[in-house]
Structure formats: C-alpha cells, structure tokens
Amino acid sequence: MGSFKKNREVLLALCLCSALVNNVYAAETSKSQNDLEKYVLDEYVVTATKTALSEKKVPMATEVITQEKIKNLGAYSVRDALRMSIGLDVQETGMTGNVVQIRGMNNSHALILIDGRRMAGENTSVTANVYELSRININDVERIEIVRGPGSALYGSDAMGGVINIITKKATDPSASIGVYTGSKEMGTNMTYASGKQGNLSFKISGNLEDIRKQVSKSDGVSTNMYGPRRYLNLSANYDLGKNRGLDFDASFMKEQFTAFDSSNIEWYNNNRSDYSINYYGKDDKNNYNIRAYYNTLKKANQKRPSSNWNGIDWTDWDRSEYNTLVIEGKNSSKLTDQHTLTYGAEYSNLGNKGTRLGAGGDKVYQDTLYGISKYGSEKNLETYSAYIQDEWQINDRFFVVPSIRFDNHSSFGSHVSPKIGSTYNLSDNSRLKINYGKGYRAPSIAELYYSMDRTMGSMRVQVLGNPDLEPEESTSFDISIEGEKGKAFTKLGYFHNNVKNLIESGSVQIIGMPPSIIMRTQYENISEAEIDGIEGEVGYSFNNNWQVKATYTYLDARDKSDNSFLNGRAKHNGTVQLVYSDNKPNPLTATLWSQWYVDYLSRTTNNSITYDNEYTYNTLNFIVNKQFTKNFRAYAGVDNIFDKTFNIDDNHAYDIDGRTWRLGAEWTF
C-alpha cells in the first residue's frame, strides 16, 4: 500500500511527461501514416455512457470484444471470450464456476448485464457471478463491452468494480447458422435463424444444446465438477412502428441438470432460468429514448445422498431457492447543443429471493418436507427507486468531459448518491490522456442480510447466517491513463486506485459440538477496508497485414488495511503475450498463439484451524486456429495449456488449474 500511496504524484507526473513526449511524435506523424485505421480499430461502445461513443473518445477504461474475435478464439462461453482481456481475471474454479475480478475487485463488485439488463442469480459476496458467464448462450452474442472502474453513477449497486455488458444479435439482420463443437470439457450443437424484416416484423430464434463433461479433481482423485446437460433457447422479435420508433420483445430460457460427487456424497442440481423483456424505443433529431420493462427468474433445486448409496433412497439433504428480478426503466439522450448531450433516466427495481436457504430469516415463513427431511423457508424482496443524469460536454476540439450523478433510494438503506467525472484530453490526433474519479457503492444482498442456510456437507452441518445490521460497501476510485498510436504500433498505460470500505465477507467460523455431530457456523460481517492500487498496460505492433503481436500486463497491490495483508485469490502480476496471424484472403485463415501468466498468485486456505498462504507463479501456452473454407463454412481447433502445466496438490493447497485441454468446432451459415 505504502509505496503506491507515497508515489502517486510521481506516477501522475510520469504519465503526464509520457503524454507530452507522445504528443510530440504523434503530432509529427498524425496524418502521414498509411492506412492507420487498418492497424488500430476504433470500436464504438455504449455501456460506458449509455450513448454510442468511440473507444478513443470515451473517458472510461473500456474494451470491446467483437463477434469476429469471439469466433477466432473458438469460444464456447462468455468466459472463454474474456480470457485475454486486460485487467480482468476470469479463471475457472471448482464446480464449473469462475472468478470475475475487474482490477482486483471481488466477484460481487462486477455487474454483468445482458443487453443492459440485470439477471437473477446467486447473490452473496462469494457466489455472485460465479456461474453467470457460463449461463449465457455464446452463440447468441454479437459483442461484449467491458468497462473497468466504478459504474455506480449510471448503474447503481453492484457496479463498484466495473460492468460487463453482453450484447446479443438482433432480429433485424437476416441469417441462419448451425454449429457443432466438442472438446475436453464440453460438447454441443447450436442453431440460429433470423428472418430479417418481413414487412414491419422481424424475429429470431436460437438454441444451444451442450453437455459438460465430468472432470475429476487432482486434489483428491474423487471429487468432480458439476457435469451434465445445459440447454438454451433465445427468442426475440422487433416490430417497426415507423418514424424511427419500434418495439423489441425478448425471451430466453436456460436449463441445467447437473451431477457432482465427492468422497461422501452425490448431489443433483436442477436449475432453470427464464427472462422476458419488452422495450419501446424511438429517436428524432434531438432525442434518443426508450422505456423498458423486464423480469427474470432463476429457480434452483438440489438433493443429495451418500455416495455409498448411489441407487438407494437414503437422502441426506435438499434445497430449494428462487431468485427474481423485476425492473422498469426509462432513458433519454438529448442533444442540447453541439457541445452538450444530456442523458437522464429513472428506474424501479424489485429483487426477490425465496426458499430454504433463507430459512426463517425472511417474511412469510413456511415449512416444507421432502424425503422425510423438514426445512423452514421464507421470502424477501428489496426495492430501489433511482434517477441519474449525465452530461457529455465537448469543451473544445481537444477536451471532452463527462460528469454524472445517480440517486438511489433503497428500501433497507435509504438514500445514496454516486457521483463520477471523467475526461479525455486529445494530446494529438493519435494520443490522448484520460482521467476518471468517482464513488461506488454496493448494497448488501438479500442473502447477506437474511440468510439462514443449514446444509449437510460431508459429515458435518454448515450454517451460514445473514446479518440485518450490515452496511453498504462504498468505494472511492481514481484512474489516469495515456494511450496512443504511431504507425503500426499502439499502446496504453494506466494507473488505478480503489479504496473500499465496509467490505462484506463471511466472518470467522464457529465450531459447535463434537464429532460426529459438528456444526460449522459463520455470519456475514462488515469486517475490513481494502485498498487496491495497480498499473495496467497494453502494447501491440502490426508487422504487416498478416502478423500482429500484442502484450497486456497488470500489476496489483491489493491489501486488507486492517493488517496490511494481501487479498486472497489475486496475483501481484499477470498478463498475456499474443501472436496473431491472418492470411487476409476472402476466406481467411486466422491463428492465435498466446501465453497467459501469473506471478505470486495468492491462494489462502485453512486446514485444522491453521491458515496457509500459498503463492503460485506459472504460465500456460495456448493455441487456436480458425479457417473459413467457403463463404458458408468455417472450422476451428485449439489446445489450451499445451505443455500440460499442473500442480502437485497436498492437504495445504486448494489452488488448481486444468491440464492440457482441446477443442474442435465447425459452423455452417446460410
């Protein structure tokens, strides 16, 4: 913590000096480079400001992953598509989940959206977003937009670390496709049909049938992931009302039927999610507006029995949970003058949770019995009323400023204000300086407030309790970056700082009773304050139309301020080195070879009341090739972790990575 805090002014001065140097050389070459845009694309991004701005202009640290890049990576899931993103860690964890850390912030500090919509899902500080990136049909994704840094000023709670917005394909573009894929981890098939405009109406249907393969843990040779079938169905339609007005209808369905077992138990999971949305939109010379309502729900059911009784009826536990999200929102962007575009909106949200994991901690308490086991259940809802306003102010040809502020009124925590300001200063045509400062917050979830979970795990009972006295998490964030292009080269360098108060974590474990009737009990608490500083950089060079090299790097100093200890589940250094080839023919062949590396990745574990800090330094080499054989047919193949890097796991280690894995796929379009 100390070195960054003491030298922040030095870092700022270095960035400014670098900017001035870049200003000189870029000014000399800004308009003399041949076909610069061929090498440095300038994608448009909507998520950062809720308006369409170029990546170069928007002040926030952003990244756009296009459909072309998703295909070239042979991505089976959204997690696959994000693997090489700067400042983002999406490593896989046990039970087919993954971490979602943006700039070292916790899983629960990343807001994952589908077309700007929140999705119902697990909602504790530990489980939030763990399964989300695998529950989205990658075959239906048009692009992914990532905003690093707090987005609370526009998106409210849960966006303290940043926003990942998955934007789906539209019904208005006519297309059809069939795809198949297989590999070490999963196999499946997908299809899409979009009608294009048929009079005023267009519609689209897509589906994906996949099976997650069973993987046995290297740590004990017995425990498995959650394996089995996952199904998707996506439906959308658009009705053109004329005069730049229309209606969008969307519905999607996801079903998981998984099995997992360890040395003691077999467990079955049945998860179903449905999502419905209707959106009215329109625009004229001055305004671009929409009014939308959406509702989605995730229903989870699981039951377990001893692994020694696979075909018996000796059930030991069961669970039922339901998560619901209802949102009504409206937004308008109004171009007031050539210098000012005002975006303002309001929304109402109702988040609900029902089931046995709440026990008797919520409202409308009931009792249910299954397999001879009785449990209490209840339900709880939290409401939020919100309003926000943002101004895009083009002060002059070089200076662009975006101030914004959001007001939230939460049914349990009252009013909260989240301000933010960002600016982009063009040092030259090909270099720019970006600065952002803002406040973020996250209200405790229903689970963290009201949980009363009581489950059998192995030979013991585990109890996790909510805490109605929790306070919202709050953050103060600052970042500064410089980016530029010169000829065939491009680079970005930035520094970020986050101070987070009232972190919500599960508290110390209380052991009750003696074997064989042990109860492990823990309760959510506001226990610490964290400070996260870091540097992120990106550099690339296009040798010609065929070859490009790119490297990303993130340095992280993430500490618990109460004892200055490094935060668990993070690496001090990580990055990628990528070599990309394309033959640039009408039916191109593309190939990517990349190394992903981590230095001093901390995995803190507790065994027999003793805490172990284990640090891991490693890299994996990965390869993917994609060939468009004809206008209508492509195929791809890839290998992850080519040299089969693994760890020897013992009782004091819990960190694990997959060994060598492979993937194959093909797609026909019509």
Side-chain angles (χ1 to χ4, degrees), residues 1 5 99-111 121-130 150-152 155-162 351 353 357-359 361-362 380-384 406 408-419 438-453 462-477 497-511 520-533 557-570 602 604 606 611:
M1 171 181 106
K5 197 166 185 179
V99 299
V100 186
Q101 291 180 357
I102 302 177
R103 288 179 167 176
M105 299 286 277
N106 288 337
N107 270 21
S108 57
H109 298 148
L111 178 60
E122 294 82 357
N123 56 21
T124 73
S125 58
V126 176
T127 59
N129 296 325
V130 166
S152 298
Y155 294 97
S157 185
D158 305 333
M160 277 176 55
L351 305 181
N353 204 165
R357 294 204 172 191
L358 284 176
K380 197 72 180 180
N381 289 77
L382 297 178
E383 295 181 316
T384 305
R406 181 183 175 105
D408 290 281
N409 185 272
H410 194 282
S411 58
S412 291
F413 300 101
S415 301
H416 192 93
V417 176
S418 303
K439 298 283 188 176
Y441 96 105
R442 174 182 173 268
S445 68
I446 292 174
E448 291 162 346
L449 291 167
Y450 304 110
Y451 241 24
S452 183
M453 188 186 84
V462 175
Q463 297 177 347
V464 180
L465 305 179
N467 183 354
D469 296 324
L470 289 174
E471 295 292 332
E473 299 175 311
E474 298 183 5
S475 69
T476 301
S477 175
H497 168 82
N498 283 305
N499 185 273
V500 187
K501 296 181 179 180
N502 296 326
L503 277 179
I504 298 172
E505 298 180 9
S506 53
S508 57
V509 176
Q510 181 183 5
I511 305 296
M520 295 181 61
R521 180 181 296 165
T522 185
Q523 185 176 37
Y524 290 105
E525 300 175 356
N526 295 113
I527 61 172
S528 61
E529 179 179 355
E531 187 168 86
I532 302 174
D533 294 278
D557 187 29
R559 298 188 180 273
D560 183 335
K561 292 186 68 175
S562 64
D563 58 9
N564 203 38
S565 61
F566 198 82
L567 295 180
N568 187 37
R570 293 160 176 85
L602 176 63
R604 182 176 291 126
T606 301
T611 299

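The analysis underlying the following values was restricted to heavy atoms, covering all of them including side chains, and did not include hydrogens, waters or symmetry mates.
- In this pair, Tyr524 and Tyr451 present their aromatic rings tilted. The plane angle is within the 30 to 60° band.
- Using modelled atom types, one finds a donor on one side chain and an acceptor on the other under 3.5 Å when comparing Lys439 with Thr476.
- For the pair Asn381/Leu351, no side-chain contact is recorded, criterion being any heavy-atom separation below 4.5 Å from C-beta on.
- Residues Arg570 and Asn106 are in side-chain contact: their nearest non-hydrogen atoms beyond the backbone lie under 4.5 Å apart.
- A salt bridge does not link Arg559 with Glu529: every distance from a Lys NZ or Arg NE/NH1/NH2 to an Asp or Glu carboxylate oxygen is 4.0 Å or more.
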message: If you apply the rule side chain to side chain donor-acceptor pair (under 3.5 Å), what do you find for Ser565 with Asp560, and how did you get there?
response: CA-CA 5 Å; Ser565 61; Asp560 183 335; 4.6 Å; no
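- By the 4.5 Å heavy-atom criterion applied to side chains, Glu473 and Leu503 are counted as neighbours.
- Annotation: side chain of His416 is in contact with side chain of Glu474 (closest heavy-atom distance under 4.5 Å).
- Between the side chains of His497 and Asp533, at least one donor N or O lies within less than 3.5 Å of an accepting N or O.
- With sequence neighbours left out, the side chain to side chain contact (heavy atoms under 4.5 Å, CB included) criterion links Gln463 to Asp454, Arg461, Ile519, Arg521.
- Between Asn467 and Tyr450, the closest side-chain pair of non-hydrogen atoms is not below 4.5 Å.
- Between atom CZ of residue Arg442 and atom OG of residue Ser475 there is a gap of 12.0 Å, rounded to the nearest 0.5 Å.
- Side chain to side chain, His109 and Gln101 fail the donor-acceptor criterion of an N or O pair below 3.5 Å.
- For the pair Val500 and Tyr441, the minimum side-chain heavy-atom distance is 4.5 Å or more.
- Contact annotation: the side chain of Leu470 approaches that of Glu448 to within less than 4.5 Å [non-hydrogen atoms, C-beta and beyond].
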